[in-house]
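A quick note: this is a predicted structure, and the numbers were derived from the prediction, not measured.
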Amino acid sequence: MAPSYDNLQDEELIDEDDIDFTDLREQYEVRLEEGLDTFVVVDGLPKVPADSRVKLTKFLLRKLNAVGTATEEGTFMPLDDSNTTLGFAFVEFSSPKEAVAAIKAFNGTPLDKKHTIAINKLTDIDRYGREGRVEEEYVPPTIEDFQEREHLRWWLSDPDARDQFVMFRGDNVGVFWNEKDDPPEVIVDRPNWTEMFVQWSPLGTYLTSIHQQGVQIWAGKSWTRQRRFAHPFVNLIDFSPNENYLVTWSHRPIAVDENNPGPMSMEEDGKNYIIWDVETGKPLRSFVTLDIPGPPDENGEPTKKKLQWPAFKWSADDKYVARMTFGQSISVYETPRMNMLDKASIKIEGVQDFEWAPATAKRESIKTYEQLLCYWTPELGSNPAKVGLMTLPSKEIVRTRNLFNVSDAKLHWQSQGQYLCVKVDRHSKSKKSLATNLEIFRIQEKGVPVEVVDSLKDTVINFAWEPKGDRFVLITAGEIPQSAAVPPKTSVVFFCPEKAKGNAVGNFKHIRTIEKKNSNAIYWSPRGRFVVIATVHSQQSFELDFWDMDFEGEKDEKDKDLTANLQLMNTAEHYGITDAEWDPTGRFVATSASIWKHTAENGYHLYDFKGTALREEPLERFKQFAWRPRPPTLLTKEEQKHIRRNLREYSKIFDPQDLLRKNKASRAIIEQRRRLLDEWLAWREQVEEELHDEVAAGLPDIAEVVDDGKNEVIEEIVEEIIDETEEIIA
Amino acid sequence: MRPILLSGHERALTQVKYTRDGDIIFSVSKDHIVCAWYSANGERLGTYHGHQGALWTVDIDPTTTLLASGGADNTIRLWDVKTGKLLKTWDFGSSIKRVEFSPDGTQLLGVTEKRVGHVSSIVVYDIKQDVEAEQSSEHALRIVVDESKATVAGFSYGAKYIIAGHEDGSVSQFDAKTGELLDTFQAHEPDFSVTDLQWSPDRTYFITASKDKTAKLISASDLALLKTYVTDTPLNSAALTPVKDFVILGGGQAAMDVTTTSARQGKFEARIFHKIFEEEIGRVRGHFGPLNYVAVSPDGKSYCSGGEDGYVRVHHFDRPYFDFLFEVERERANI
């Protein structure tokens with residue numbers, strides 16, 4: 001290989017630090033005479049008589065010289081008329097860097113018990129403190145009158161309880177009311193509302209737009225900007241579950257200009273993450289990215305694994321946020337102060353991943369407040385791999401489980417934190433084949449028992465719990481056939497607990513396996529019961545299967561002990577599907593094909609929960625579709641139960657309403673068509689009259705050929721004899 | 001609606017035309033040959049040989065005696081329909097994009113391509129409707145199109161106007177006697193060429209198709225926009241159906257514009273819209289390349305499409321096609 005810059009040997013490069021440049025530097029160093037950056041002003045010194053001035057200077061310099069070099073000659077303490085110092089001094093350092101370091105180190109620190117010194121740059125004093133810059137008299141800040149803000153949850157009071165969704169297509173971002181099979185009603189549509197993508201906050205209050213300068217959140221009926229979070233070149237954002245905090249991340253470290261810090265302080269310099277308080281719009285704390293070491297590349301160079309997102313994970317109540325230092329520890333921070341819990345991160349050797357319980361834990365016979373988090377560690381030396389369950393804030397480990405032959409593990413919490421399924425990919429002793437075990441922790445039962453599902457022969461590529469339920473679906477993939485460009489066939493496997501006495505939840509039992517599918521994605525209805533199994537990001541197959549876990553029809557004899565009755569309700573196809581999303585009420589499913597992934601047939605389809613296609617809308621340069629989330633219901637369990645029991649009564653009210661609306665809409669269409677037909681016929685009449693006049697005036701006429709039934713078809717058969725020969729056959 | 005597949009051309013079809021009686025279909029293709037087919041059964045009845053380049057256009061006079069064709073060999077040729085004899089050749093400096101007879105068959109227009117040294121123009125010849133007669137070599141009228149080049153053109157009712165469609169999406173109206181430019185109208189998006197222009201039976205209005213994915217219905221006398229039909233694919237052709245108030249649009253993503261053209265992504269379908277309500281009624285699949293031209297029989301009983309795939313597909317409409325009426329139309333019919 002020819003030598004190039006990239007493959008130069010390191011040894012050949014001479015380390016610059018080894019060369020002594022001091023003589024050259026001295027010779028050529030430029031002294032900036034006008035540079036006042038080396039001067040600082042020290043305030044808050046004791047006022048001493050002139051003869052003690054030298055002593056004080058020495059005392060002060062002893063302190064300051066910890067970070068720089070200032071000399072007695074470079075220090076000046078002015079005197080007043082009575083020959084006492086004025087309580088401040090000018091100090092010259094040998095470089096501006098030292099001056100800055102001194103400010104950083106000693107500004108606001110005590111000199112002795114009585115005196116706290118303030119150090120500022122001379123230029124800053126000049127800039128901010130000059131005459132006229134500071135008001136002589138104290139003016140109390142004006143408190144602005146209370147201004148009624150718009151209700152940020154206005155959309156929940158829609159009389160028809162419609163849901164909203166945001167759509168990003170072309171350069172426009174629009175929010176719409178879902179109108180089922182009718183075109184959605186536009187609420188707001190703005191060009192260039194975002195530069196990268198849009199995102200709802202988890203409870204749906206804010207719509208987030210991402211710009212090069214940072215993040216903005218929008219809300220209320222008028223869609224006004226609520227806050228701005230200036231994080232230059234932000235790439236990703238994540239809200240805490242209750243929308244109190246926002247995490248922003250940029251792959252570029254933040255560069256804060258020392259002289260013009262803007263909304264940031266020097267604290268943020270060089271950081272990648274900022275955690276913001278949404279209410280005030282202020283940054284709480286910033287962090288740098290911690291790279292996860294990946295396997296070394298072919299040259300033995302260390303590599304970085306793909307960024308884990310989110311890196312900062314929130315406890316269910318926003319109280320804690322934690323981040324893992326891969327293989328070492330988990331750091332838990334307490335909001336809103338963002339101090340590390342007990343001032344130290346939790347050492348967990350080898351930690352690979354962790355997850356908070358998505359709901360505040362309710363463990364058997366534990367009365368005190370706690371948040372649970374689980375983590376796993378791989379095999380280390382002779383120690384087995386481990387899954388651990390930790391309670392916070394006490395940091396006690398409440399349950400661990402040892403695992404063997406582990407290649408990888410994934411942690412899946414059920415939405416209410418009742419179960420934790422650890423999907424363990426295990427290799428055989430020879431490390432040739434892989435199989436998956438499910439280790440299911442029953443969090444709310446005494447002693448947190450673990451149930452193992454080890455009947456799966458293949459590796460599980462996808463797993464999802466039923467939200468608020470105790471059933472789950474997984475997808476397994478077989479071995480990848482060699483020399484085949486197609487992905488392996490997959491199987492969809494359904495599980496549910498067995499029927500058990502009382503309130504107990506029985507063992508998890510296999511319901512059914514659907515083989516020879518291409519499916520790779522699971523989308524549960526947010527209310528449970530219904531699940532869509534889809535094939536996304538595939539050119540060859542793009543089907544959607546709508547399953548009902550509680551089919552109300554006849555139940556198979558062999559399923560009689562199961563707490564589910566599985567039924568395929570419908571199958572739909574959406575060519576080029578890249579994403580699917582249930583609306584927050586579980587009534588509709590939107591599937592979309594985004595131009596971010598491919599350019600064929602971009603747009604979205606809308607289905608109802610049972611898989612009936614309601615409408616499809618192809619859209620040029622369609623990018624994103626997102627339902628607006630809803631906060632949890634305010635109704636009590638009893639009230640909800642009451643509604644469910646009286647559904648029939650409600651239908652009586654709503655069905656005629658729907659019918660009326662349909663009729664009204666179709667009447668409007670008919671009216672419109674009638675008008676168009678009238679207009680057209682009137683126009684034709686006028687044109688024909690004009691044409692008639694012009695023909696009368698001498699324009700050559702052309703007769704229309706219209707089949708009035710009198711046209712006759714004459715078929716002529718023309719026979720041409722080209723050649724005639726006679727042959728006598730024997 | 002079982003189609004008849006006319007396979008005889010070796011290369012992409014460029015135009016297909018019915019005779020006034022609707023019994024014969026003429027097709028031209030990039031393979032230099034004009035073909036004549038029985039529309040009823042798809043049998044080929046003859047070919048016209050002589051052109052030296054790809055053919056872009058064909059037209060038949062109203063009495064089905066003369067046939068005009070034009071193409072990339074820079075000629076317009078006039079043929080005897082019955083015998084296939086070449087009657088006349090007009091030579092030009094650039095290729096011929098469109099030929100069309102006047103409604104009474106006494107005039108023929110041709111649209112010439114713009115090329116270095118040659119301006120885009122519309123030429124008109126007086127035609128003697130007699131296969132024995134000597135046709136004039138001199139044009140009766142020549143309109144130089146110096147703005148955006150003309151892509152399509154045709155005669156209005158009574159040959160009063162010549163209407164031309166342009167590369168910049170505009171439509172212009174000329175006096176057919178003097179060649180004076182009377183009016184222009186930006187019918188389609190600028191930068192999207194007008195690809196087709198076809199007439200209503202009485203030639204008082206016409207439909208244009210464009211690469212901007214829309215077709216427009218426009219009045220001939222004042223260039224007023226009457227209707228717009230919006231699709232999701234660049235259009236090559238648009239036709240009006242007699243008897244029923246429909247329009248048929250054809251197009252599809254050109255192969256050069258997509259990386260992997262499956263029939264699905266290319267949208268190689270004929271689309272039927274309601275002419276008055278601008279609503280899509282149905283689609284007809286079949287071609288596996290873009291549709292370059294659609295033509296409807298003057299009796300309204302069939303239509304055919306010529307595709308980039310080299311086939312002509314003839315569709316005879318079924319009973320439901322004729323029975324289909326919107327409620328308001330039915331209501332009107334019953335009055």
Inset, instruction - Sort A:Glu694 into side chain, backbone, both or neither according to what part of it lies under 4.5 angstrom from a heavy atom of chain B. - result: side chain
Legend entry - A:Val687 and B:Tyr205, any side-chain heavy atoms less than 4.5 Å apart: no
Legend entry - Steps toward salt bridge (charged side-chain N to carboxylate O under 4.0 Å, His left out) verdict (B:Lys213, A:Glu620): CA-CA 12 Å; B:Lys213 306 184 179 180; A:Glu620 291 267 309; 2.8 Å; yes
Inset, instruction - Would you check if B:Leu217 and A:Trp680 make a side-chain contact, meaning some heavy-atom pair closer than 4.5 Å? - result: yes
Legend entry - Heavy-atom neighbours of B:Asp191 CG exceed 12 at 6.0 Å: no
Legend entry - Which atom of A:Leu677 lies closest to which atom of B:Val328, heavy atoms considered: CD2-O, 3.8 Å
Inset, instruction - Would you mind checking if A:Arg684 and B:Asp245 are paired as a salt bridge, meaning a charged N to carboxylate O distance below 4.0 Å? - result: no
Inset, instruction - Any chance you could measure A:Asp678, atom CG, to B:Arg332, atom CZ, to the nearest 0.5 Å? - result: 4.0 Å
Inset, instruction - For A:His692, look at atom NE2 and say whether over 12 heavy atoms of other residues, nucleotides or ligands are found less than 6.0 Å away. - result: no
Inset, instruction - State whether the number of non-hydrogen atoms from other residues, nucleotides or ligands found under 6.0 Å of B:Lys82 atom NZ is greater than 12. - result: no
Inset, instruction - Answer yes or no: are there more than 12 heavy-atom neighbours, outside B:Phe185 itself, under 6.0 Å from its atom CZ? - result: yes
Inset, instruction - Evaluate side-chain contact (heavy atoms from CB on, under 4.5 Å) for A:Leu676 paired with B:Lys227, printing each intermediate quantity in order. - result: CA-CA 10 Å; A:Leu676 287 171; B:Lys227 301 285 171 192; 3.6 Å; yes
Legend entry - Distance, nearest 0.5 Å, that separates CG of A:Leu691 from NZ of B:Lys160: 9.5 Å
Inset, instruction - State, with a plain yes or no, whether a side-chain heavy atom of A:Glu688 is found less than 4.5 Å away from one of B:Thr204. - result: no
Inset, instruction - Answer yes when A:Arg673 and B:Glu279 have at least one side-chain N-carboxylate O distance shorter than 4.0 Å, and no when they do not. - result: yes
Legend entry - Side chain, backbone, both or neither of B:Phe277 within contact of chain A (heavy atoms, under 4.5 Å): both
Legend entry - Greatest number of heavy atom pairs closer than 4.5 Å to chain A - which of B:Glu278, B:Glu327, B:Lys275: B:Lys275
